[in-house]
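We name chains A, B, ... by the order of the sequence lines, and we start the count at 1 in each one.
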2 protein chains.
Amino acid sequence: MYFGKRIKELREERELLQRQLAASLEIDTPMYSKIERGDRRAKREHVLKLAELLDTDPNELLMLWLAGQVYEIIKDEELGLRAIDYIKESSILSSKSGKL
Amino acid sequence: MYFGKRIKELREERELLQRQLAASLEIDTPMYSKIERGDRRAKREHVLKLAELLDTDPNELLMLWLAGQVYEIIKDEELGLRAIDYIKESSILSSKSGKL
DNA sequence: TTAAATTAGCCAATATTTGACAAGTCATTA
DNA sequence: TAATGACTTGTCAAATATTGGCTAATTTAA
């Protein structure tokens, strides 16, 4: 499950149209369509707004949105998994102790 | 240990000057300095070239370089670690089975 | 103090991303 | 079949971000 697929799923459950969500996000329908298909990246504010509009957990959407961005970086990289393991190990995120 | 810090370490071990590496990479010294301090991002080709010039494992440098980029995305995000855990779990990387 | 090495700040060139539009497909219905 | 509505595709210019290079400042070492 990835971000675009998830918001499409939720939109269909709520029986909303792309043009309705697009209007709420103040973007045009083609743009929204592209976000749903992963062709364009949603802005952070759009993710939060979508969680509202779709009445769903913003953290779930944010997490999927972030994962998508990280994936974009490592998808073609042999060492991608090792790199994210390395980040986890250095545990700089939770401890706020340093930077990469 | 992060990318910039590591190449600085290696450079000093080899007793090389920034301007020497900069010249080899065909960028100017201030630019190289910024890469070392994490102010600017090295290009992938620069990473490989640096591994050569510093006579070190290219995979180590590439991994650190990737980790730095991933870190840039999640560093200020509460959900950053969950996002990378999610990527690992979905194991789309090794299996090449899908996308986020 | 000098000179070399490194860093900081700025700016223009370049690249990437964004949003908008027009036109297209596809499915449904009159 | 024709028309309508929902969604998608492609293209383009505007807005943003990134890059590289220059000058000047700062730090370091002799």
Side-chain angles (χ1 to χ4, degrees), chain A residues 2-50 53-54 61-62 64-77 98-100, chain B residues 1-50 53-54 61-62 64-77 99-100:
Chain A
Y2 51 100
F3 179 74
K5 190 176 169 201
R6 181 67 178 129
I7 60 176
K8 175 172 186 176
E9 189 174 76
L10 289 166
R11 178 176 64 80
E12 288 172 344
E13 280 173 13
R14 275 42 165 187
E15 298 185 66
L16 296 168
L17 298 175
Q18 288 190 346
R19 73 177 150 76
Q20 296 176 300
L21 291 180
S24 298
L25 297 177
E26 298 178 286
I27 57 180
D28 71 356
T29 307
M31 177 70 74
Y32 178 83
S33 166
K34 283 165 188 168
I35 289 172
E36 226 176 50
R37 285 175 309 94
D39 216 49
R40 293 293 177 93
R41 179 176 307 167
K43 296 187 162 180
R44 199 178 193 284
E45 53 178 318
H46 287 157
V47 178
L48 298 176
K49 185 93 186 187
L50 279 170
L53 297 167
L54 295 168
L61 293 190
L62 272 176
L64 289 173
W65 175 74
L66 280 175
Q69 287 177 75
V70 170
Y71 177 71
E72 275 306 304
I73 289 180
I74 62 179
K75 65 179 174 189
D76 297 323
E77 292 285 352
K99 62 172 181 175
L100 285 181
Chain B
M1 180 71 61
Y2 50 101
F3 179 72
K5 190 175 169 200
R6 181 66 178 130
I7 60 175
K8 175 171 187 177
E9 188 173 77
L10 289 165
R11 177 176 64 82
E12 289 172 343
E13 279 174 14
R14 273 52 165 178
E15 299 185 66
L16 296 167
L17 298 175
Q18 288 189 346
R19 74 177 152 75
Q20 296 177 301
L21 291 180
S24 298
L25 298 177
E26 297 177 286
I27 57 181
D28 71 356
T29 308
M31 175 72 72
Y32 178 84
S33 166
K34 284 164 188 168
I35 289 172
E36 226 176 50
R37 286 174 308 96
D39 215 49
R40 295 293 177 93
R41 179 176 308 166
K43 296 187 162 181
R44 198 177 194 285
E45 52 178 318
H46 287 157
V47 178
L48 298 177
K49 185 94 186 186
L50 279 170
L53 297 167
L54 295 168
L61 293 189
L62 270 177
L64 290 173
W65 175 75
L66 280 175
Q69 287 176 75
V70 170
Y71 177 72
E72 275 306 304
I73 289 179
I74 62 180
K75 65 179 174 189
D76 297 322
E77 293 285 353
K99 62 172 182 177
L100 283 182

Run the side-chain donor-acceptor check on residues 14-24 of chain B: report pairs under 3.5 Å with partners two or more places apart or on a different chain.
from    : atom 1 : to      : atom 2 : distance (Å)
B:Arg14 : NE     : B:Leu54 : O      : 2.8
B:Arg14 : NH2    : B:Leu54 : O      : 2.8
B:Arg14 : NH2    : B:Asp55 : O      : 3.2
B:Gln18 : NE2    : B:Glu36 : OE1    : 3.0
B:Gln20 : OE1    : B:Leu17 : N      : 2.7
B:Ser24 : OG     : B:Gln20 : O      : 3.2

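- Distance check, rounded to the nearest 0.5 Å: CG of B:Leu64 to CD1 of B:Ile7 gives 10.0 Å.
- Distance check, rounded to the nearest 0.5 Å: CG of A:Leu10 to CG of A:Leu53 gives 11.5 Å.
- Heavy-atom neighbours of B:Glu26 CD from other residues, nucleotides or ligands within 6.0 Å: at or below the threshold of 12.
- Interatomic distance, CD1 of A:Ile74 versus CD of B:Gln69, reported as 11.0 Å (0.5 Å rounding).
- Scanning for side chain to side chain donor-acceptor pair (under 3.5 Å) contacts around B:Glu9 gives B:Arg6, with sequence neighbours left out.
- Here chain B contacts DNA chain D (any atom closer than 4.0 Å to a heavy atom, that is under 4.0 Å), and the contacts span D:dT19 to D:dT23 from 5' to 3'.
- Per the geometry, CG belonging to A:Asp39 stands 15 Å off C1' belonging to C:dT16, to the nearest Å.
- Distance NZ/B:Lys34 to OG1/B:Thr29: 11.0 Å, rounded to 0.5 Å.
- Between atom CZ of residue B:Arg37 and atom OH of residue B:Tyr2 there is a gap of 10.0 Å, rounded to the nearest 0.5 Å.
- Expressed to the nearest 0.5 Å, how far CH2 of A:Trp65 lies from CD of B:Glu77 amounts to 5.5 Å.
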Restricting both atoms to N or O, compile the protein contacts to nucleotides 2-5 of chain C shorter than 3.5 Å, with distance only.
from  : atom 1 : to      : atom 2 : distance (Å)
C:dA5 : OP1    : B:Arg19 : NH2    : 2.9
C:dA5 : OP2    : B:Arg19 : NE     : 3.0
C:dA5 : OP2    : B:Arg19 : NH2    : 2.9

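- Under the 4.5 Å side-chain criterion, counting only non-hydrogen atoms from C-beta, A:Arg44 is in contact with A:Leu48.
- The separation between B:Ile7 atom CD1 and C:dT6 atom P is 12 Å, rounded to whole Å.
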Nucleic acid footprint by protein, nucleotides 19-29 of chain C - heavy-atom cut-off 4.0 Å, B for base, S for sugar-phosphate alone: BBBB-------

